[in-house]
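Numbers here are sequence positions counted from 1.
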Amino acid sequence: MIPAVEFGLIYGVMALGVFLTFRILNFADLTVDGSFTTGGATAAVAILAGWNPFLAILAGFATGFAAGLITGLLHTKGNIDGLLAGILTQIGLWSVNLRIMGSSNVPLLREDTIFTPLRDAGLMGSWASVGIFAAVVAVITAAIVWFLNTDFGLAVRATGDNGPMIRSFGVSTDRTKLITLALSNGLVGAAGAVFAQYQGFADNSMGVGLILIGLASVIMGQALLGQRFLWLSVAAVVVGAVLYRLIIFAALEVGLNPNDMKFITAALVVIALLVPQWRAAIGGAIAGSRANRGRTSDGAVAGASGAVTPNTAASASSSNDPAQAAGTTDGKVKA
């Protein structure tokens, strides 16, 4: 279970990058599958070349940043649809990653990584390592919340909400898209660099289907915790990534076929997308039922108050007002 939580926290960084494009920018970016591997491949080759493991992570961030920048340029300057631009970059990165690694797999089993001190201290696979992972991810999450509350971050959020409106205020939406796509894939690349060091190798297929995991993390987390506050919306992404890994861990523990994991992931995304709609439909039905009962009750009260009974007629005729008594007696109201 503890390794599943560690995996989930690493995936949480990747999911934060997906969150920036999918939720904030409202951009379906499929570059993620390629940039994750690019970050891992870059870090692996850098470590083999004698680089410090932390510098290798920065190199992974830089190559992921470059990949996102290419997608952004294809979309903004080349006027290519965002979805297609991401697919084109992802396909191109497959060959780029092979060029970076020189083969389809680069092992790191005998190399020092950022996890070597933890392994030497016997902390890996314990709740202590989970706490360290969580602290680092919490810092990254806080940095993203801060970024989205800056002037530029507000412009990015406005670009995703209403691009034409923010352009009318003189903001370049091309610029906000370029930088956000680059930052998003930079985070994904950094996550790939950490993941390669964690599992002890970089592989050209390590990012296949990763966009689905990122979407599952974003949707599941926000369906669980909601999006009422920005900080809660961002933190929910990390919670969703951990939850996703725990669900996969539970599925394997009960004996499900590992080949079915992609199907389970797709099913989780579908359920997470449908649950808010079902919840809204049920809430609307309950509210409508209450409103109908309220109208029925009010109508019954109004009908009862408007009914004329012998007692009310008698009390009207015995009124102390002469004009009212005369009107009642004569059957007409005098002017």
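- Placement of L98 and L93 in two distinct hydrophobic clusters is found when ILVMFWY residues are connected by side-chain heavy-atom separations under 4.5 Å, directly or transitively.
- Aromatic pair F249/F7: ring centres not closer than 6.0 Å.
- Looking at S205, its side chain never comes within 3.5 Å of a backbone N or O of V208 through a donor-acceptor pair.
- The CE atom of M124 sits 9.5 Å away from the CD1 atom of I132 when rounded to the nearest 0.5 Å.
- Counting only distance, with no hydrogens or angles, the side chain of T31 and the backbone of T89 share no donor-acceptor pair below 3.5 Å.
- Between the side chains of T38 and T63, no donor N or O sits under 3.5 Å from an acceptor N or O.
- Annotation for S217 and Y244: closest pair OG-CB, 4.4 Å, computed over non-hydrogen atoms.
- Donor-acceptor pairing under 3.5 Å is recorded for the side chains of T159 and T176.
- The NZ atom of K177 sits 14.5 Å away from atom OG of S184, with the distance rounded to the nearest 0.5 Å.
- A 4.5 Å side-chain heavy-atom check between L69 and L178 finds at least one atom pair inside the cut-off.
- The closest side-chain donor-acceptor pair between D161 and N26, if any, does not fall under 3.5 angstrom.
- Counting heavy atoms of neighbouring residues, nucleotides and ligands inside a 6.0 Å radius, atom CH2 of W146 does not exceed 12 of them.
- More than 12 heavy atoms of other residues, nucleotides or ligands sit less than 6.0 Å from atom CZ of R23.
- Remark: T173 OG1 to M165 CE distance equals 11.5 Å, nearest 0.5 Å.
- Side-chain contact check for L88 versus T71: every heavy-atom pair is 4.5 Å or farther apart.
- Side-chain polar atoms of D174 and T76 form no donor-acceptor pair below 3.5 angstrom.
- A donor and an acceptor atom, one from each side chain of S103 and N105, are nowhere located under 3.5 Å apart.
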Step by step, would you call Q197 with I57 a side chain to side chain contact (heavy atoms under 4.5 Å, CB included)? CA-CA 9 Å; Q197 297 184 50; I57 295 175; 3.4 Å; yes
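- Hydrophobic clustering (side-chain heavy atoms under 4.5 Å, transitive across Ile, Leu, Val, Met, Phe, Trp, Tyr) keeps I47 apart from L55.
- How far CE of M206 is from CG of N97: 9.5 Å, rounded to the nearest 0.5 Å.
- Between F201 and P107, the shortest heavy-atom distance links the atoms CB-CA, 3.9 Å.
- Open room surrounds CG on D151; 12 or fewer heavy atoms of other groups in view lie less than 6.0 Å from it.
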Evaluate R175 against F152 for side chain to side chain contact (heavy atoms under 4.5 Å, CB included), listing each step before the verdict. CA-CA 10 Å; R175 178 169 165 264; F152 183 78; 3.6 Å; yes
For side-chain hydrogen bond (donor to acceptor under 3.5 Å, both in side chains), just list the numbers for N52 and D112, CA-CA rounded to whole Å, side-chain angles, deciding distance to a tenth of an Å, and then say yes or no. CA-CA 9 Å; N52 183 285; D112 288 337; over 6 Å; no
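- Two rings, from Y198 and F115, have their centers less than 6.0 Å apart.
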Chi angles and distances behind the side chain to side chain contact (heavy atoms under 4.5 Å, CB included) call for V18, L210: CA-CA 10 Å; V18 175; L210 200 72; over 6 Å; no
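- Annotation for N185 and S35: closest pair OD1-OG, 2.9 Å, computed over non-hydrogen atoms.
- Note on ring orientation: taking the six-membered ring where Trp is involved, the planes of H75 and F27 are perpendicular (angle over 60°, cut-offs 30° and 60°).
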Run I211 and Q90 through side chain to side chain contact (heavy atoms under 4.5 Å, CB included) and show every step you take. CA-CA 11 Å; I211 183 63; Q90 175 201 128; over 6 Å; no
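- Of all heavy-atom pairs between I264 and A251, the closest is CD1-CB, 4.0 Å.
- Considering every non-hydrogen atom in both L225 and L232, the closest pair reads O-CD2, 3.3 Å.
- For F263, the CZ atom is loosely surrounded, since the number of other residues' heavy atoms within 6.0 Å does not exceed 12.
- A heavy-atom distance below 4.5 Å is not found between the side chains of R157 and L25.
- Here the straight-line distance linking atom CG of L58 with atom OG1 of T42 works out to 12.0 Å at 0.5 Å rounding.
- V156 pairs in a side chain to side chain contact (heavy atoms under 4.5 Å, CB included) with only one of the listed residues (I179, I166, I24), which is I24.
- Separation of atoms CD1 (I271) and CG (L274) is listed at 8.0 Å; rounding is to 0.5 Å.
- Minimum heavy-atom separation, A15 to A241: CB-CB, 4.5 Å.
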